[in-house]
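Heads up: the structure comes next, in structure tokens.
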Amino acid sequence: MSGGEPPDFAERVYALVRRIPPGRVTTYGRIARAAGAARSARMVGWLLHHSPPEVSDVAHRVVNRNGELTGGWAWGHPAVMRALLEDEGVTFVDEYQVDLEKHLWDPLDELDQSG
DNA sequence: AACATGACGGTAG
DNA sequence: TCTACCGCCATGT
């Protein structure tokens, strides 16, 4: 078997999503950028839609660039996703829009701090 | 193989 | 503020 290949984009995305701290949120674009494909935000969304339980368990911390719960229907209704976020202390500026200014977590910031 | 769609993002008008 | 278009690329028809 060939070894030494770089990790798949999917695995990088999943790893980043799992590192999102509770009470914080990030965006598809930020994850895509941190994974090395800034213009593949759609792939991040697609991957989360097909993510294993280990990842989908914290996927509610991923919102779109406007802080809207665009993936909320994955829980049956955006209200469920909102409840999960509120339970972690995330505040909202609208029915289904989180306060990005207040809770945004950038994966690149993590990489810069821990090296 | 061509076309449409999608848990997106950025730019242009 | 809102609409439209492009880029990205896996999946379904």
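A, B, ... follow the sequence lines: proteins, then strands. Residue 1 opens every chain.
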Distances under 3.5 Å only, N/O to N/O: pair up the protein atoms with those of nucleotides 5-9 of chain B.
from	atom 1	to	atom 2	distance (Å)
B:dG6	N7	A:Arg42	NH2	2.7
B:dG6	O6	A:Arg42	NH1	2.8
B:dA7	N7	A:His49	N	2.9
B:dA7	N7	A:His49	ND1	3.1
B:dA7	N6	A:Leu48	O	3.0
B:dA7	N3	A:Tyr28	OH	3.3
B:dC8	OP1	A:Thr70	OG1	3.1
B:dC8	N4	A:Arg42	NE	3.1
B:dC8	N4	A:Arg42	NH2	3.1
B:dG9	OP1	A:Gly29	N	3.3
B:dG9	OP1	A:Arg65	N	3.0
B:dG9	OP2	A:Arg65	N	2.8

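- For the P atoms, the distance linking B:dT5 with C:dA4 amounts to 15 Å, nearest Å.
- Atom CD of A:Glu54 sits in a sparse spot, with 12 or fewer heavy atoms from other residues, nucleotides or ligands closer than 6.0 Å.
- Annotation: B:dA7 and C:dC2 have their C1' atoms spaced 22 Å apart (nearest Å).
- Both tests pass for A:Arg82 against the ring of A:Phe92: distance under 6.0 Å to the centre and angle within 45° of the axis.
- Note that NE2 of A:His60 is 5.5 Å distant from CG of A:Leu85, once rounded to the nearest 0.5 Å.
- For the pair A:Asn64 (side chain) and A:Gly67 (backbone), a donor-acceptor distance under 3.5 Å is present.
- Between the side chain of A:Asn66 and the backbone N or O of A:Glu68 there is no donor-acceptor pair closer than 3.5 Å.
- Taking the 5' to 3' direction, DNA chain C first and last meets chain A under 4.0 angstrom from a heavy atom at C:dG7 to C:dT11.
- The closest donor-acceptor contact from the side chain of A:His103 to the backbone of A:Thr91 lies under 3.5 Å.
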task = Begin from the C-alpha positions of A:Val13 and A:Val17 and carry the test side chain to side chain contact (heavy atoms under 4.5 Å, CB included) through to its verdict.
result = CA-CA 6 Å; A:Val13 170; A:Val17 173; 4.2 Å; yes
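- In terms of modelled atom types and a separation under 3.5 Å, the side chain of A:Tyr14 and the main chain of A:Leu47 share a donor-acceptor contact.
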